[in-house]
Amino acid sequence: MKKLFIYNSLTRRKEEFISLHEGFAGIYVCGPTVYGHAHLGHAKSYISFDIVVRFLRHLGYKVRYVQNITDVGHLTDDADAGEDKIGKQAQSERLQPMEIVETYTRSFFADMDALNVLRPDISPRASGHIPEQLELTQMLLEKGFAYEVNGNVYFDVSKYSAYGKLSGRSVADLLEGTRIEVNTEKRHPADFALWKKAGPEHIMQWNSPWGSGFPGWHVECSAMSTKYLGQPFDIHGGGLENTFPHHECEIAQSEAATGKTFARYWMHNNMVTVNGVKMGKSLGNFITIHQAMENLEPMAIRFFILSSHYRSPLDFSDDALTAGQKGFQKILTFLRRVTELVPATDAGIRLEQVVSDYQVAFENELCDDFNTPKALAVVFDFIREMNSLFDQDDRLNPVDQAGLINVLRRTVGDVLGLLPDAVLSNKEQGGDFSGVMELLLELRQILRREKNFALADQIRQKLTELKIEIKDTADGSRWEKK
RNA sequence: GGCGACGUACCCAAGUGGUAAGGGAGAGGUCUGCAAAAUCUUUAUGCGCCGGUUCGAAUCCGGCCGUCGCCUCCA
């Protein structure tokens with residue numbers, strides 16, 4: 001198996017990835033809180049981790065990918081004063097919380113499907129794992145890492161000396177200049193809730209040894225990740241903005257409770273900005289994936305996201321997106337060209353070596369912390385080389401043609417996920433009116449032969465307006481739906 | 001105020017010590033009746049600014065300027 005290097009946020013270094021169990025990889029990624037439609041930030045995050053999963057599989061790992069659905073406990077505000085996001089949305093839409101959860105969970109998966117993000121193997125819901133969360137909380141109480149006050153249970157940060165090891169903060173720093181309001185119940189302002197007492201206004205609440213309530217947000221990820229992946233497990237992923245406090249708290253809870261390492265490699269993807277400014281719920285400038293897909297095809301969005309590294313911030317601007325759209329189109333055009341080349345057994349050149357070199361180069365880039373921009377550069381270099389070759393001699397051995405199509409499907413398709421069936425079938429010739437198109441092209445050939453270019457160009461122009469592009473080549477005309 | 005990133009051509013974006021990938025846009029050539037597609041050439045003696053280390057720095061160190069993130073909900 002090839003050596004894969006991953007930047008580990010915990011050590012702030014690239015490290016060789018060595019999975020806990022040879023040939024297997026367990027990965028947990030913080031999933032969405034389903035109280036609204038997914039936005040471009042989700043797209044970047046889940047596409048980034050989709051690449052991780054796809055590439056691990058490509059390398060031969062058997063991957064178990066767990067990504068939670070947060071449907072309870074995530075508050076709108078400071079952990080002591082806020083409302084439950086789901087509950088709040090339920091009130092404003094006058095629906096049951098679980099209706100909200102269903103609606104936005106389905107919406108989330110629909111968007112992810114459109115972006116060709118593979119579904120996780122397990123999508124556990126927080127509300128479906130209350131016992132596991134209670135158990136972890138209980139364990140922390142028993143071991144003295146937590147304390148109960150008035151039906152609330154808090155993690156005692158002062159008992160866990162490693163608190164801050166992921167985010168590089170010290171508990172002392174947290175006291176200075178902090179915006180955490182002092183809650184008299186808590187022994188230390190940095191202590192965080194494992195279990196919250198629920199007032200009557202809370203629709204979602206469960207019985208617990210400390211009265212009726214609901215779990216704190218951080219505890220779900222600790223409980224569900226280790227339930228399905230064990231502890232320790234290989235990779236924990238999430239958005240950079242969750243490094244603190246969310247991930248820091250996950251580590252504290254899990255490692256304090258069991259005395260074992262929680263996750264071995266931490267991966268954080270960077271944020272999305274829109275025209276240079278942060279895309280934030282509070283700023284009201286966030287673009288949903290659904291909105292973005294009104295103007296752009298999903299694969300153009302995916303291509304654009306992959307054209308920058310996952311640890312770099314990405315700015316969505318019209319110019320950049322247009323460039324992405326065109327770049328992606330170039331790959332499709334090439335794939336079509338290869339598919340349409342007429343195989344010739346007497347082809348002089350064999351491509352086995354160059355195809356295999358290409359695949360190795362492609363893999364090498366991704367082995368370096370999933371460097372998708374470089375991998376794409378390898379793809380484009382290869383395309384240029386092949387195009388140049390076919391411009392001189394378009395005879396291609398059938399074995400090479402199959403090999404070429406295969407390697408593109410494996411790399412651009414299976415690993416980068418840029419060739420979903422929808423794209424391939426959409427771009428294929430045929431369809432109900434292909435006969436009509438052929439007739440039209442034939443007539444146009446006659447016009448051109450008679451040098452009636454005015455009329456021939458008019459037909460081409462009209463078709464262009466109908467999103468059908470005509471290309472006149474030496475062997476005749478071709479058409480393509482745009 | 002604390003912690004942390006980043007600043008590369010007209011735009012996007014790789015590159016962490018050895019002499020600036022890739023995509024888009026622009027210019028010119030090939031092909032074409034013309035387009036489109038493809039292809040070739042070309043567009044940063046320079047990588048925010050100023051110092052330093054080094055035979056050699058976009059890459060390391062220090063200072064400054066600027067942008068952004070986290071510390072409060074966010075992927």
Side-chain angles (χ1 to χ4, degrees), chain A residues 12 14 29-33 35-36 38-49 74-79 81-83 85 164 167-170 172-181 190 217 237-246 268-273 276-283 286 303-304 307-309 311-315 317-331 333-334 336-337 365 371-381 383-384 387-392 448 451 453-454 456-457 460-461 464 469-474 477-478 480:
Chain A
R12 293 156 202 263
K14 275 186 201 169
V29 173
C30 287
T33 301
Y35 68 111
H39 51 68
L40 292 175
H42 294 103
K44 176 167 161 68
S45 181
Y46 298 121
I47 286 173
S48 299
F49 289 111
H74 199 167
L75 304 183
T76 56
D77 207 329
D78 177 276
E83 298 172 80
K85 292 180 170 190
S167 56
R169 285 158 218 252
S170 69
D173 288 342
L174 288 169
L175 274 176
E176 287 177 41
T178 182
R179 278 185 272 170
I180 299 172
E181 283 183 30
W217 175 41
L240 192 63
E241 83 289 349
N242 277 333
T243 308
F244 188 90
H246 186 53
H268 288 97
N269 70 283
N270 216 314
M271 317 288 286
V272 161
T273 55
V277 295
K278 171 190 174 167
M279 189 178 72
K281 301 228 154 127
S282 51
L283 297 175
F286 66 98
F303 177 92
F304 177 63
S307 70
S308 93
H309 191 258
R311 283 191 286 113
S312 300
L314 180 63
D315 186 51
S317 65
D318 287 343
D319 286 353
L321 282 165
T322 306
Q325 172 85 268
K326 291 189 176 173
F328 174 60
Q329 198 61 44
K330 187 169 181 168
I331 295 176
T333 303
F334 175 68
R336 148 154 311 185
R337 180 177 193 179
E365 299 304 351
N371 197 327
T372 53
K374 275 187 119 182
L376 282 173
V378 169
V379 172
F380 282 113
D381 282 338
I383 287 178
R384 195 187 333 101
N387 268 326
S388 186
L389 194 72
F390 298 145
D391 275 0
Q392 290 161 38
R448 291 176 67 209
K451 308 261 183 227
F453 295 122
D457 288 353
R460 185 171 63 197
Q461 179 55 34
T464 303
E469 191 173 75
I470 299 298
K471 294 177 189 175
D472 296 325
T473 69
S477 300
R478 286 161 188 250
E480 189 175 320

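Numbers restart at 1 for each chain; the letters A, B, ... are given by sequence-line order, proteins then strands.
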**Message:** At less than 4.0 Å, is any side-chain N or O atom of Lys85(A) found next to OP1 or OP2 of rC73(B)? Yes or no.
**Reply:**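 No, no such contact exists.
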Which pairs, protein N/O on one side and nucleotides 27-36 of chain B N/O on the other, fall under 3.5 Å?
residue : atom : partner   : partner atom : Å
rG33(B) : O6   : Arg448(A) : NE           : 3.2
rG33(B) : N1   : Asp457(A) : OD1          : 3.0
rG33(B) : N2   : Asp457(A) : OD2          : 2.7
rC34(B) : O2   : Arg460(A) : NH2          : 2.6
rC34(B) : N3   : Arg460(A) : NH1          : 2.8
rC34(B) : N3   : Arg460(A) : NH2          : 3.1
rC34(B) : N4   : Arg460(A) : NH1          : 3.4
rC34(B) : N4   : Asp472(A) : OD2          : 3.0
rA35(B) : N6   : Asp472(A) : N            : 3.4
rA35(B) : N6   : Asp472(A) : O            : 2.5
rA35(B) : N1   : Asp472(A) : N            : 2.9
rA35(B) : N3   : Arg460(A) : NH1          : 2.9
rA36(B) : O2'  : Glu469(A) : OE1          : 3.4

Taking the same atom, [atom1], in [N] and in [M], what whole-Å distance lies between them?
N	M	atom1	value
rG29(B)	rC12(B)	P	29 Å
rC6(B)	rG48(B)	P	12 Å
rU16(B)	rA75(B)	P	31 Å
rU67(B)	rU8(B)	C1'	15 Å
rA27(B)	rG63(B)	C1'	42 Å
rU54(B)	rC11(B)	C1'	35 Å
rG51(B)	rG2(B)	C1'	28 Å
rG18(B)	rC40(B)	C1'	30 Å

Could you state the [atom1]-[atom2] distance from [X] to [N], rounded to the nearest angstrom?
X	N	atom1	atom2	answer
Phe380(A)	rG23(B)	CZ	C1'	6 Å
Trp217(A)	rC73(B)	CH2	P	8 Å
Asn269(A)	rG69(B)	CG	P	15 Å
Arg169(A)	rG1(B)	CZ	C1'	13 Å
Asp318(A)	rG24(B)	CG	P	18 Å
Phe244(A)	rA5(B)	CZ	P	17 Å
Asn270(A)	rA5(B)	CG	P	12 Å
Leu376(A)	rA21(B)	CG	P	17 Å

Does [N] pair with anything, Watson-Crick or G-U wobble, both distances under 3.5 Å, and if so, with which nucleotide?
N	answer
rC55(B)	rG18(B)
rA27(B)	rU41(B)
rG33(B)	none
rC6(B)	rG66(B)
rG46(B)	none

Regarding [X], tell me which of base, sugar-phosphate or nothing describes its non-hydrogen contacts under 4.0 Å with the strands shown.
X	value
Tyr46(A)	sugar-phosphate
Val272(A)	base
Gly239(A)	sugar-phosphate

**Asked** Does one side chain, of Ser45(A) or Asn269(A), offer a donor that lies under 3.5 Å from an acceptor on the other?
**Response**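 Present: a donor and an acceptor within the cut-off.
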Supply the atom-to-atom distance [X] [atom1] to [Y] [atom2], rounded to the nearest 0.5 angstrom.
X	Y	atom1	atom2	answer
Asp318(A)	Gln325(A)	CG	CD	12.0 Å
Thr243(A)	His268(A)	OG1	NE2	3.5 Å
Leu376(A)	Phe303(A)	CG	CZ	5.0 Å
Ile331(A)	Ile383(A)	CD1	CD1	5.0 Å

**Asked** Can you name the residues that form a ring-ring contact (aromatic ring centres under 6.0 Å, His included) with Tyr46(A), not counting sequence neighbours?
**Response**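 Tyr46(A): ring-ring contact (aromatic ring centres under 6.0 Å, His included) contacts with Phe108(A).
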Partner set under salt bridge (Lys or Arg N to Asp or Glu O under 4.0 Å) for [X], not counting sequence neighbours:
X	result
Lys326(A)	none
Asp472(A)	Arg444(A), Arg448(A), Arg460(A)
Asp315(A)	none

Once side chain to side chain donor-acceptor pair (under 3.5 Å) is applied, do any residues pair with [X], and if so which ones, sequence neighbours excluded?
X	value
Asp319(A)	none
His246(A)	His218(A), Glu250(A)
Asn387(A)	Arg337(A)
Lys471(A)	Glu480(A)

Listed pairs, N/O of protein and of nucleotides 38-42 of chain B, under 3.5 Å:
residue : atom : partner   : partner atom : Å
rA38(B) : O3'  : Asn387(A) : ND2          : 3.1
rA38(B) : O2'  : Arg337(A) : NH1          : 3.3
rA38(B) : O2'  : Asp391(A) : OD1          : 3.0
rA38(B) : O2'  : Asp391(A) : OD2          : 2.7
rU39(B) : OP1  : Asn387(A) : ND2          : 3.3
rU39(B) : O4'  : Asp391(A) : OD2          : 3.0

**Item:** B/S/- contact track for nucleotides 6-20 of chain B, protein heavy atom under 4.0 Å
**Value:** -----SSSSS-----
**Message:** Need to verify one output field. Residue with the more 5' nearest nucleotide on RNA chain B, Glu241(A) or Ser167(A)?
**Reply:**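 Counting from the 5' end, the first nearest nucleotide belongs to Ser167(A).
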**Prompt:** Mind checking what makes side chain to side chain contact (heavy atoms under 4.5 Å, CB included) contact with Pro373(A), not counting sequence neighbours?
**Reply:**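 For Pro373(A) the side chain to side chain contact (heavy atoms under 4.5 Å, CB included) partners, ignoring immediate neighbours, are His309(A), Asn371(A).
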